Amino acid sequence: MWGLVDAKLIRVSTAMHRFASASSLPPPAPATAAAAAAQAAALRFGSAATTRVPRALALTASTCPWHRRHLCSSSSSSSSSAAAAAATAAAVEEARQGRKQLGATTQLYEYLLANVREHPVLKELREETAAMRGSQMQVSPAQAQLLAMLAQILGAQRCIEVGVYTGYSSLAVALALPESGRLVACERDERCLEVAKKYYQRSGVAHKVDVKHALAADSLKLLIDGGEVNSYDFAFVDADKRMYEEYYELLLKLVRVGGLIVIDNVLWYGRVADPLVNDRKTISIRNFNKKLLEDNRVSISMVPIGDGMTICRKLVDT
């Protein structure tokens, strides 16, 4: 009997020694470059970080059903998070390189671009912007073409853009306006505005564009105070995501019944659909999308072009 007890004690002691040795080992490195990139992307873009399972716990997983289930669940969740973060990183990088079309392969995007009628000056501006910091903020040529067509369908004379950046979308709309048309361009970044104004001049539409170098909300409030309520046909918003609701409410006062308000980045590189991503900008866009869905003052269509745009048509006088 005592011999059996001694043998069991020896086995327990040996197992404890292995457990302690395993827990002192460094965590395993990612097996592949792709795994390393996904892990880095998860940290960068706010998804839950990749969970590393200590080797000591791995030893107990084979002997304890609860540990086995828990570790499998954690591993699956971590893999999903890393994959989502990697997809987000890839989408942002594609946008930085001028290929802004969520979910499209490079081949499909190139085909789409080849079938866009892009004004030569717009192409020059797009190429210059691609080398600038924050170039992923520029709308795609397909988006700009849609914005211009919407303004033409409306027969728009008076437009507003909130968030100009280097002017690609505002230039596309200004080119579509009649000679008597007016576009109020709201932007706070003076460096970006200088690029935009250069291309307004180069394309011969500078006389149509009224640049407002200030905080967009302040500029919109001044238009309202100046008696311009219900006088605009079309508005486009591509600015601070946390301010979307305020911009929207102000624009509802400025845009006429039957006019359009178009909101960019409503799919936010796919982050809005990832329940593990909960940074302030993503939450703001999710909440704003929900608000639009429930707002009976407008009819809406969320269009998966570029990074997603929602087209709102004002139905009632606000």
Side-chain angles (χ1 to χ4, degrees), residues 92 94-101 109-110 112-216 219-220 223 232-240 247 251 260-265 305-307 309:
V92 172
E94 287 290 298
R96 278 201 187 97
Q97 295 178 20
R99 297 188 294 272
K100 192 172 186 178
Q101 179 55 54
Y109 182 83
E110 294 300 329
L112 178 62
L113 182 60
N115 285 276
V116 171
R117 295 178 180 176
E118 186 177 29
H119 191 285
V121 180
L122 280 171
K123 183 178 181 181
E124 289 178 34
L125 172 55
R126 175 168 60 85
E127 291 172 348
E128 179 174 336
T129 303
M132 294 176 59
R133 181 180 178 183
S135 59
Q136 74 276 8
M137 294 188 291
Q138 180 173 252
V139 302
S140 71
Q143 286 179 285
Q145 181 175 256
L146 177 59
L147 293 172
M149 179 171 282
L150 290 172
Q152 289 174 321
I153 291 170
L154 275 175
Q157 290 275 347
R158 292 164 60 80
C159 304
I160 302 175
E161 178 159 305
V162 177
V164 172
Y165 187 43
T166 59
Y168 189 87
S169 52
S170 55
L171 177 55
V173 172
L175 285 165
L177 291 177
E179 279 300 301
S180 58
R182 179 195 181 204
L183 171 68
V184 176
C186 305
E187 175 59 55
R188 66 182 180 181
D189 190 320
E190 186 174 8
R191 181 179 63 89
C192 290
L193 271 179
E194 289 305 312
V195 176
K197 287 191 284 188
K198 176 177 70 175
Y199 283 93
Y200 296 153
Q201 289 286 351
R202 187 174 297 179
S203 60
V205 300
H207 62 288
K208 300 180 188 178
V209 184
D210 181 6
V211 173
K212 303 289 186 184
H213 177 213
L215 294 175
S219 297
L220 298 178
L223 294 177
Y232 287 86
D233 305 296
F234 178 86
F236 177 55
V237 182
D238 184 10
D240 186 349
Y247 296 147
L251 289 168
L260 298 182
I261 302 172
V262 183
I263 316 291
D264 195 24
N265 300 115
I305 184 173
D307 191 29
M309 297 197 307

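Note that the coordinates shown come from a computational prediction; the quantities given were computed from them, not determined experimentally.
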Can you find a heavy atom in the side chain of [X] that is under 4.5 Å from one in the side chain of [Y]?
X: Ile160; Y: Leu220; answer: yes
X: Leu177; Y: Cys159; answer: yes
X: Tyr168; Y: Pro141; answer: yes
X: Val184; Y: Ser219; answer: no
X: Asp240; Y: Tyr247; answer: yes
X: Met132; Y: Tyr165; answer: yes
X: Leu183; Y: Ser170; answer: yes
X: Met309; Y: Leu150; answer: no

Quick check for you: to the nearest 0.5 Å, what is the distance between [X] atom [atom1] and [Y] atom [atom2]?
X: Glu118; Y: Glu124; atom1: CD; atom2: CD; value: 10.0 Å
X: Leu122; Y: Arg117; atom1: CG; atom2: CZ; value: 14.5 Å
X: Leu147; Y: Ile305; atom1: CG; atom2: CD1; value: 8.0 Å
X: His213; Y: Glu187; atom1: NE2; atom2: CD; value: 7.5 Å

Least distance between heavy atoms, [X] atom then [Y] atom:
X: Ala130; Y: Ser135; answer: O-OG, 3.6 Å
X: Ser180; Y: Gln157; answer: OG-OE1, 3.0 Å
X: Val173; Y: Ala151; answer: CG1-CB, 4.3 Å

With sequence neighbours left out, the residues meeting salt bridge (Lys or Arg N to Asp or Glu O under 4.0 Å) with Arg158 are Glu228
side-chain contact (heavy atoms from CB on, under 4.5 Å) assessment of His207 paired with Glu179:
CA-CA 9 Å; His207 62 288; Glu179 279 300 301; 2.9 Å; yes
Under 3.5 Å, is there a donor-acceptor pair between the side chain of Asp238 and the main chain of Gly163?
no
Taking Gln143 for its side chain and Ser140 for its backbone only, find out whether a donor-acceptor pair lies under 3.5 Å.
yes
Matching residue for Glu128 among Lys198, Lys123, Arg202 - test: salt bridge (Lys or Arg N to Asp or Glu O under 4.0 Å)
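Answer after filtering Lys198, Lys123, Arg202: Lys198.
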Side chains of Glu161 and Ser169: do they bring a donor and an acceptor to under 3.5 Å?
yes
side-chain contact (heavy atoms from CB on, under 4.5 Å) partners for Leu154, two or more places apart
Ala156, Phe234, Arg256, Leu260
Is Arg191 paired with Glu194 through a side-chain N to carboxylate O contact shorter than 4.0 Å?
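No, Glu194 and Arg191 are not salt-bridged.
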With a cut-off of 6.0 Å (strictly less than), are more than 12 heavy atoms of other residues, nucleotides or ligands near CZ of Arg188?
no
Identified side chain to side chain contact (heavy atoms under 4.5 Å, CB included) counterpart of Val195 within the set Asp189, Thr166, Val164:
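Exactly one option meets the side chain to side chain contact (heavy atoms under 4.5 Å, CB included) with Val195, and it is Thr166.
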Can you name the one residue among Val205, Val121, Leu125 that meets side chain to side chain contact (heavy atoms under 4.5 Å, CB included) with Tyr200?
Val205
